[in-house]
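None of these values were measured; they are calculated from a predicted model. Below, chain A is the first sequence line, B the second, and so on; all start at residue 1.
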2 protein chains.
Amino acid sequence: MEISEKNQSFVYHFGEMGSKWGFNRTVGQMYALLVITENPLTANELASALSISRGNVSMGIKELQSWQLVQVSHIPGDRKEYYRAIGSVWDMANTVFEERRKREVDPTLSVLRNLLLEAPQDESEVYAQQRMQDIHDLLEMVTSWAAELQRLSPEQLGTLMKLGAGVSKMLSVKQQLFSNKKD
Amino acid sequence: MEISEKNQSFVYHFGEMGSKWGFNRTVGQMYALLVITENPLTANELASALSISRGNVSMGIKELQSWQLVQVSHIPGDRKEYYRAIGSVWDMANTVFEERRKREVDPTLSVLRNLLLEAPQDESEVYAQQRMQDIHDLLEMVTSWAAELQRLSPEQLGTLMKLGAGVSKMLSVKQQLFSNKKD
DNA sequence: ACGAACTTTCAGACATTTCTGAAAGTTTAG
DNA sequence: CTAAACTTTCAGAAATGTCTGAAAGTTCGT
């Protein structure tokens, strides 16, 4: 299988970028190709389209499955497995974020929680614990906020996003009301 | 210089994590150590505390400076350079996000924009362009939203975060009103 | 039970990234 | 100008990550 020149530059670019997002170059390319291809592809098609070995495709697919990003389907009377990207672009972004959170943020939070349980032994550990607490709080805030966003429907998200600059206005009104009450 | 056992596990963990966030293990360790240490450190102190070479520290500092995460200071009568982490934890997170956006999202947006300018040559390119458009729109939305968040003060952010589940309620009310108007 | 059509695994080749340490560069004091 | 006290650079060593392709494994129809 060959790819058109235009699609190729997309696929290659995603290969480079993908490697910054937690998977390697060929996995990025495979995923990009699956996303822009309407009909499902076989492992051999992926291998020939990207000029990589059959074995590499097999491992890449496994990786993408662990990220819950691809789906396997079958065609009656055909033994081959056909792969396609799962869900909408928004679903994909959601999945990648959640996966990254599980792999990167959650372990950090757990390390921080353990370290914060122990009593500081000296001056320097007091300061260190304060900084760890800051980081812990920030990560928890971001995590719960992200969970909240994931619960929203795509339409609600669109509304929220379009709100744009409105958010800060809304907040400043809210805060003024709040501080007035206190006085 | 030695680090206490507790601080060491923090530093090492951040080394591992840091490598997933765009810089390598030792750079992550250096940064973690600077964050939890109140007084500025010299390059030699960093090297001995982390058991890495002096040259490596020099390159790491350069990297951290390119991320705008460390500051150099001097002590009168002392030739050495003293390094410390810049700003609050929130500032750090902001900086890292912005830096990552510049390095990862912006180039992708530019590639996508170029590809979307050209007319599709066939059926398959039409579909491909639709997916590229989806990704483009999503990235733009996220980018502008992130820019908006950065403009908020830490306090406003706190309010917004604490709003939590409130956001979806607020939005659903807003949308009901909106759809009523349409009827 | 056998063979055809497929997929997965994994040892070793290859590629990339990171690290060291010696040498070169810079700055300041005298 | 020179020496001392520092920092930076960079070639090559070490470590890590990726890819290939042959062999082993799986599944299905007969």
In whole Å, what is the span from the CG atom of B:Asp78 to the P atom of D:dA4? 18 Å
Within residues 31-42 of chain B: residues closer than 4.0 Å to DNA chain C (heavy atoms): none
Is there any salt bridge (Lys or Arg N to Asp or Glu O under 4.0 Å) pair reaching into residues 120-130 of chain A, and which pairs are they, with sequence neighbours excluded? A:Glu125-B:Lys6
Donor-acceptor pair, B:Gln129 side chain versus B:Leu115 backbone, under 3.5 Å? yes
Could you give all pairs that pass the salt bridge (Lys or Arg N to Asp or Glu O under 4.0 Å) test and reach residues 80-97 of chain A, with sequence neighbours left out? A:Asp78-A:Lys80
What pairs of residues pass the salt bridge (Lys or Arg N to Asp or Glu O under 4.0 Å) test when at least one of them lies in residues 130-145 of chain A, not counting sequence neighbours? A:Arg113-A:Glu140, A:Arg131-A:Asp134
Please enumerate all residues that pass side-chain hydrogen bond (donor to acceptor under 3.5 Å, both in side chains) together with A:Gln8, with sequence neighbours excluded. none
So which pairs with a foot in residues 47-60 of chain A pass side-chain hydrogen bond (donor to acceptor under 3.5 Å, both in side chains), sequence neighbours left out? A:Asn44-A:Arg54
Row check, B:Trp67 ring normal vs B:Arg100 NZ/CZ: under 6.0 Å, within 45°: no
Residues in salt bridge (Lys or Arg N to Asp or Glu O under 4.0 Å) contact with A:Glu98, at least two apart in sequence or another chain: none
Give the other cluster members for A:Tyr82, using side-chain heavy-atom distances under 4.5 Å between Ile, Leu, Val, Met, Phe, Trp and Tyr residues; answer none if it is isolated. A:Ile75
Check whether any side-chain N or O of B:Ser66 sits under 3.5 Å from a backbone N or O of B:Glu63 as a donor-acceptor pair, and report yes or no. yes
For DNA chain C, note the earliest and the latest nucleotide, 5' to 3', having some atom under 4.0 Å of a heavy atom belonging to chain A. C:dA4 to C:dC10
Atom CD1 of B:Ile75 and atom P of D:dA5: how far apart are they, to the nearest Å? 17 Å
Using nucleotides 15-17 of chain D, report all nitrogen or oxygen pairs with the protein that are shorter than 3.5 Å.
none

Results of side-chain contact (heavy atoms from CB on, under 4.5 Å) for A:Ile86 - residues two or more places apart only: A:Gln71
By nearest nucleotide on DNA chain D, pick out whichever of B:Arg79 and B:Tyr83 is the more 5' one. B:Arg79
Those residues of residues 44-67 of chain A lying under 4.0 Å from DNA chain C by at least one heavy atom: A:Arg54, A:Gly55, A:Ser58, A:Met59, A:Lys62
Short question: side chain of B:Glu45, backbone of B:Thr42 - any donor-acceptor pair under 3.5 Å? yes
A:Ser88 side chain to A:Trp90 main-chain N or O, any donor-acceptor pair under 3.5 Å? yes
